[in-house]
Colleague: 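Before anything else, here's the structure in question.
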Amino acid sequence: MKIAVLGGSFNPIHVGHLVLADEVCSTLGYDRVLFIPAFVPPHKEMVGGFSARDRLEMTRLACEGDERFEAESCEIDRGGVSYTYDTICYLEEKYSSELEGKIGLIMGSDLLPGFHLWHKAKELSEKCQLILALRPDGGAKSSSSNKPKGDYANLDSNFDASREELFKGALHMDNPLLEISSTEIRTRIADGRSIRYLVPSLVFKYIRDMMEDNK
């Protein structure tokens with residue numbers, strides 16, 4: 001079985017994440033995409049939004065109905081800072097009897113300039129098949145935007161992945177770009193605006209019910 005990993009805060013998960021996972025399966029031939037919500041992302045401070053358990057539950061709901069997609073709870077179960085290297089090691093052991101080839105690690109273009117700062121980045125680039133996906137530029141920042149941590153706040157905005165040795169052998173996606181972000185969704189929720197159709201229907205219901213309970 002060919003497995004790819006899509007990590008993130010998923011705060012909350014939205015249809016753009018699912019479109020990207022579908023593209024990885026349909027274009028690159030992966031059998032399963034594991035969606036892995038981070039407990040504490042190493043590279044950014046999460047602003048507002050949902051608890052770790054809510055983010056995990058929404059990710060599970062988003063994966064329902066597509067046997068190629070699965071929510072993996074290992075980073076939230078592990079707690080602490082969520083290092084991708086540790087996660088890949090865990091998954092290699094968990095799926096050792098059925099894994100075909102290297103695990104695919106899906107990375108949005110926004111993450112590439114800071115990849116060299118990741119925990120054991122060189123080992124990670126050798127251990128995984130890196131899959132580089134296009135991401136929208138994110139548009140204007142708001143009070144709901146996540147804040148980069150430390151050295152991640154001072155990255156080269158003109159970064160060229162083709163010149164970076166860590167991305168040698170990476171697969172480059174030409175995936176559809178949907179102008180949707182978790183930041184935008186959190187902002188719309190805070191402003192009382194609709195998020196219907198920006199998130200999967202079961203996730204929309206989960207958020208709606210949560211808001212009703214909090215009234």
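Quick caveat, the model's predicted, so the values are computed rather than measured.
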Colleague: At what distance, to the nearest 0.5 angstrom, does CG of Leu111 lie from CG of Leu132?
Modeller: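 Separation between the atoms: 10.0 Å.
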Colleague: What distance do Leu56 atom CG and Cys74 atom SG have between them, rounded to the nearest 0.5 Å?
Modeller: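 Nearest 0.5 Å value for the CG-SG distance: 10.0 Å.
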Colleague: Within the 4.5 Å heavy-atom criterion, are Thr183 and Arg186 side-chain neighbours or not?
Modeller: yes
Colleague: Counting N and O atoms only, with roles assigned by atom type, does the side chain of Arg32 sit under 3.5 Å from a partner on the main chain of Ile3, one being a donor and the other an acceptor?
Modeller: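 No; zero donor-acceptor contacts below 3.5 Å.
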Colleague: Aromatic rings Tyr83 and His119: how do their planes relate, parallel, tilted or perpendicular, breaks at 30° and 60°?
Modeller: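 Tilted, since the angle between the ring planes falls between 30° and 60°.
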Colleague: In a table with atom names and distances, give each donor-acceptor pair under 3.5 Å that connects a side chain of residues 22-30 to protein atoms at least two apart or in another chain.
Modeller:
residue	atom	partner	partner atom	Å
Asp22	OD1	Arg68	NH1	3.0
Asp22	OD1	Arg68	NH2	2.8
Glu23	OE2	Thr27	OG1	3.3
Ser26	OG	Asp22	O	2.9
Thr27	OG1	Glu23	O	3.1

Colleague: If I compare all heavy atoms of Ser182 with all of Pro12, which pair ends up nearest, and what's the gap?
Modeller: OG-O, 2.7 Å
Colleague: More than 12 foreign heavy atoms under 6.0 Å from NZ of Lys205: is that the case here?
Modeller: no
Colleague: Is there a side-chain contact between Leu18 and Asp66 in this structure, where contact means two heavy atoms from C-beta onward sitting under 4.5 Å apart?
Modeller: no
Colleague: Is it true that, when you exclude Glu98 itself, more than 12 heavy atoms of the residues, nucleotides or ligands shown sit nearer than 6.0 Å to its CD?
Modeller: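 Result for CD/Glu98: enclosed.
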Colleague: Can you check side chain to side chain contact (heavy atoms under 4.5 Å, CB included) on Val5 and Ile36, steps first, answer last?
Modeller: CA-CA 7 Å; Val5 164; Ile36 307 183; 3.7 Å; yes
Colleague: Looking at side-chain heavy atoms only, is the closest gap between Asp174 and Leu134 below 4.5 Å?
Modeller: yes
Colleague: If you compare all heavy atoms of Gly108 against all heavy atoms of Arg135, which two are closest, and at what distance to 0.1 Å?
Modeller: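 Shortest heavy-atom contact: CA-CG, 3.5 Å.
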Colleague: Ignoring hydrogens and angles, tell me if any N or O in the side chain of Gln129 forms a donor-acceptor pair with the backbone of Gly169 under 3.5 Å.
Modeller: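 Pair found, side chain donor or acceptor close to backbone of Gly169.
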Colleague: Group every Ile, Leu, Val, Met, Phe, Trp and Tyr by side-chain heavy-atom contacts under 4.5 Å, then state whether Tyr197 and Tyr206 land in the same group.
Modeller: no
Colleague: Rounded to the nearest 0.5 Å, how far apart are CZ of Arg196 and CG of Leu198?
Modeller: 11.0 Å
Colleague: Could you pull out all residues at least two apart from Lys2 that satisfy side chain to side chain donor-acceptor pair (under 3.5 Å)?
Modeller: none
Colleague: Do the non-hydrogen side-chain atoms of Lys127 and Leu105 ever get within less than 4.5 Å of each other?
Modeller: no
Colleague: Do you know which two heavy atoms are closest between Gly104 and Ile131, and how far apart they sit?
Modeller: CA-CD1, 4.0 Å
Colleague: Is it the case that one hydrophobic cluster holds both Leu177 and Val15, taking links as side-chain heavy atoms less than 4.5 Å apart, direct or via other members?
Modeller: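 Leu177 does not cluster with Val15.
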Colleague: Can you tell me if CZ on Arg193 sees more than 12 non-hydrogen neighbours from other groups inside 6.0 Å?
Modeller: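 Yes, enclosed.
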Colleague: Please walk me through it: do Arg53 and Asp77 pass salt bridge (Lys or Arg N to Asp or Glu O under 4.0 Å)?
Modeller: CA-CA 10 Å; Arg53 286 297 164 184; Asp77 293 340; 3.3 Å; yes
Colleague: Rounded to the nearest 0.5 Å, how far apart are CD1 of Ile189 and CD1 of Ile195?
Modeller: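 Here the interatomic distance stands at 4.0 Å.
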Colleague: For the atom pair CG (Leu112) and CD (Glu164), what is the distance rounded to the nearest 0.5 Å?
Modeller: 9.5 Å
Colleague: Just wondering, more than 12 heavy atoms not from Asp209 lying within 6.0 Å of its CG?
Modeller: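 Correct, the count exceeds 12.
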Colleague: Supply the atom-to-atom distance Glu70 CD to Glu64 CD, rounded to the nearest 0.5 angstrom.
Modeller: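 Glu70 atom CD to Glu64 atom CD measures 12.5 Å (nearest 0.5 Å).
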Colleague: Between Leu166 and Trp118, is there a side-chain heavy-atom distance shorter than 4.5 Å?
Modeller: no
Colleague: Determine whether a donor-acceptor pair (N or O, by modelled atom type, separation under 3.5 Å) exists between the side chain of Ser181 and the backbone of Glu184.
Modeller: yes
Colleague: Identify the heavy atoms of Leu178 and Gly16 that sit nearest to each other, and give their distance.
Modeller: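 The answer is CD2-CA, 4.3 Å.
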Colleague: Do Phe10 and His17 have ring centroids that are under 6.0 Å from one another?
Modeller: yes
Colleague: Arg55 and Pro37: which non-hydrogen atoms are nearest, and at how many Å?
Modeller: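 Closest approach of Arg55 to Pro37, heavy atoms only: NH1-CB, 4.0 Å.
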Colleague: Grab the two heavy atoms, one from Leu130 and one from Phe115, that are nearest each other, plus how far apart they are.
Modeller: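 Heavy atoms of Leu130 and Phe115 come nearest at CD1-CE2, 4.1 Å.
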Colleague: Do Met211 and Arg208 have side-chain heavy atoms sitting under 4.5 Å apart?
Modeller: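 When only atoms from C-beta onward are counted, Arg208 and Met211 do not touch, as no gap falls below 4.5 Å.
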